[in-house]
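Read through the structure below, which is laid out as structure tokens, and then see the notes.
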Amino acid sequence: LKDYVLTENVFRPAAAYGFFPAASDGTKLTIFEDDHKTQRTTFEFPRQEFGDFLCLADYVEPLRDGKAVDYVSFMAVTMGHEATVACNRLRDANKYQDYLFLHGLAVESAEALAELFHRELRREWGFGSDDSPEIRKLFKGHYRGRRYAFGYPACPNLEDQAPLFTLIDPTRVGITLTDQF
């Protein structure tokens, strides 16, 4: 499978990202233009129903003197459209086991790319070198920053991917938004 992926150039990993001035207000996270005053978009995040009752906005500073003083980063990664084409080709040829293996490898590779790129974002931001050198500790979150994805409990609204697309324009690396977000 790895030989097939490499010889046929099936995986074409790419990422789109950006750093943005941001401010919180309760459960709202507002993203600003580079002037730190003009609002671009707002995301609403739910609070935990247990423990510390936190939400993602709690990790971002509120406005100070009418200006955003904090930043957030957004990213989107892909293994490329060719991975989807190759999976569909196998499925349509009734090669279901090969299809499932390739699909699984593509999904796990995308997850690995997201983790790798998250590390690169932390380094670009200037604090990635603080990561634990031990893999087992990295899996337990021994690094600064967190990576969340729309559709999961901390940010469940898939519709929020529409404003995300206006912020980082993942179409430039071949990622498109479906009707179901």
Side-chain angles (χ1 to χ4, degrees), residues 1-20 29 31 40-50 55-56 72-125 128 131-143 145-181:
L1 184 59
K2 287 190 288 184
D3 285 341
Y4 167 71
V5 167
L6 292 171
T7 1
E8 299 298 320
N9 197 21
V10 174
F11 291 172
R12 299 173 189 175
Y17 72 101
F19 298 97
F20 303 92
L29 174 69
I31 308 303
R40 289 181 77 172
T41 193
T42 299
F43 299 98
E44 179 89 25
F45 299 115
R47 290 209 169 275
Q48 293 175 319
E49 296 178 8
F50 54 88
C55 79
L56 291 182
V72 297
S73 178
F74 292 102
M75 70 173 182
V77 300
T78 180
M79 291 313 292
H81 181 68
E82 185 58 38
T84 302
V85 170
C87 284
N88 290 343
R89 195 177 305 124
L90 290 169
R91 189 192 60 228
D92 294 346
N94 296 322
K95 295 181 177 182
Y96 295 111
Q97 185 174 9
D98 293 340
Y99 156 72
L100 291 171
F101 285 155
L102 181 59
H103 182 268
L105 183 60
V107 168
E108 290 302 317
S109 295
E111 183 63 27
L113 176 61
E115 196 59 40
L116 176 69
F117 198 75
H118 183 230
R119 183 184 73 189
E120 293 307 311
L121 285 176
R122 294 192 309 274
R123 286 182 177 168
E124 186 174 329
W125 222 328
D131 291 0
S132 173
E134 298 177 43
I135 291 284
R136 64 182 179 78
K137 285 188 175 181
L138 288 175
F139 286 136
K140 293 185 178 187
H142 288 246
Y143 56 83
R146 292 290 178 262
R147 179 173 65 86
Y148 294 92
F150 291 113
Y152 287 91
C155 41
N157 299 325
L158 288 175
E159 296 84 5
D160 283 341
Q161 292 187 121
L164 169 71
F165 266 59
T166 65
L167 290 171
I168 63 173
D169 185 20
T171 60
R172 61 194 160 105
V173 295
I175 301 172
T176 57
L177 193 60
T178 67
D179 291 340
Q180 294 83 31
F181 301 99

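Residue numbers count from 1 along this sequence. Side chains included, hydrogens not; waters and symmetry mates left out as well; all remaining heavy atoms used. As the structure is a prediction and not an experimental result, all values here were calculated from the model.
- Residues Leu177 and Ala162 approach most closely at CD2-CA, 3.8 Å, considering heavy atoms.
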message = Applying side-chain contact (heavy atoms from CB on, under 4.5 Å) to Glu82 and Asn9, what does each step give before you reach the verdict?
response = CA-CA 8 Å; Glu82 185 58 38; Asn9 197 21; over 6 Å; no
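- The shortest heavy-atom contact between Ala15 and Val77 is CB-CG1, 3.9 Å.
- Sorted by first and then second residue, the pairs that involve residues 166-181 and meet side-chain hydrogen bond (donor to acceptor under 3.5 Å, both in side chains), not counting sequence neighbours, are Asp169-Thr171.
- Within the 4.5 Å cutoff, side-chain heavy atoms of Ile168 are placed close to those of Phe20.
- Scanning both residues, Leu113 and Met79, for their nearest heavy atoms gives CD2-SD, 4.0 Å.
- Closest approach of Ala154 to Leu56, counting heavy atoms only: O-CD1, 3.8 Å.
- Using a 4.5 Å heavy-atom cutoff, the side chains of Asp92 and Arg89 are not in contact.
- Here the CZ-CZ distance, from Phe117 to Arg123, works out to 12.5 Å after rounding to the nearest 0.5 Å.
- Between Phe150 and Phe74, the ring-plane angle classifies as parallel under the 30° and 60° cut-offs.
- Here the two rings, on Phe45 and Tyr148, have centers that are 6.0 Å apart or farther.
- Counting heavy atoms from C-beta on, the side chains of Phe181 and Asn157 never come closer than 4.5 Å.
- To the nearest 0.5 Å, atom OG of residue Ser73 and atom CZ of residue Arg122 are 11.0 Å apart.
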task = For side-chain contact (heavy atoms from CB on, under 4.5 Å), just list the numbers for Val5 and Lys2, CA-CA rounded to whole Å, side-chain angles, deciding distance to a tenth of an Å, and then say yes or no.
result = CA-CA 5 Å; Val5 167; Lys2 287 190 288 184; 5.6 Å; no
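- The two residues Pro153 and Pro46 make their nearest non-hydrogen contact at O-CG, 3.6 Å.
- Note that the CD1 atom of Ile31 and the CG atom of Leu164 stand 10.0 Å from one another [nearest 0.5 Å].
- Each salt bridge (charged side-chain N to carboxylate O under 4.0 Å, His left out) pair with one or both residues in residues 158-167, not counting sequence neighbours, would appear here, but there are none.
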Residues 96-111, side-chain donor-acceptor partners within the protein, below 3.5 Å, at least two apart:
| residue | atom | partner | partner atom | Å |
| --- | --- | --- | --- | --- |
| Tyr96 | OH | Asn94 | OD1 | 3.0 |
| Ser109 | OG | Leu105 | O | 2.7 |
| Glu111 | OE2 | Arg147 | NH2 | 2.5 |

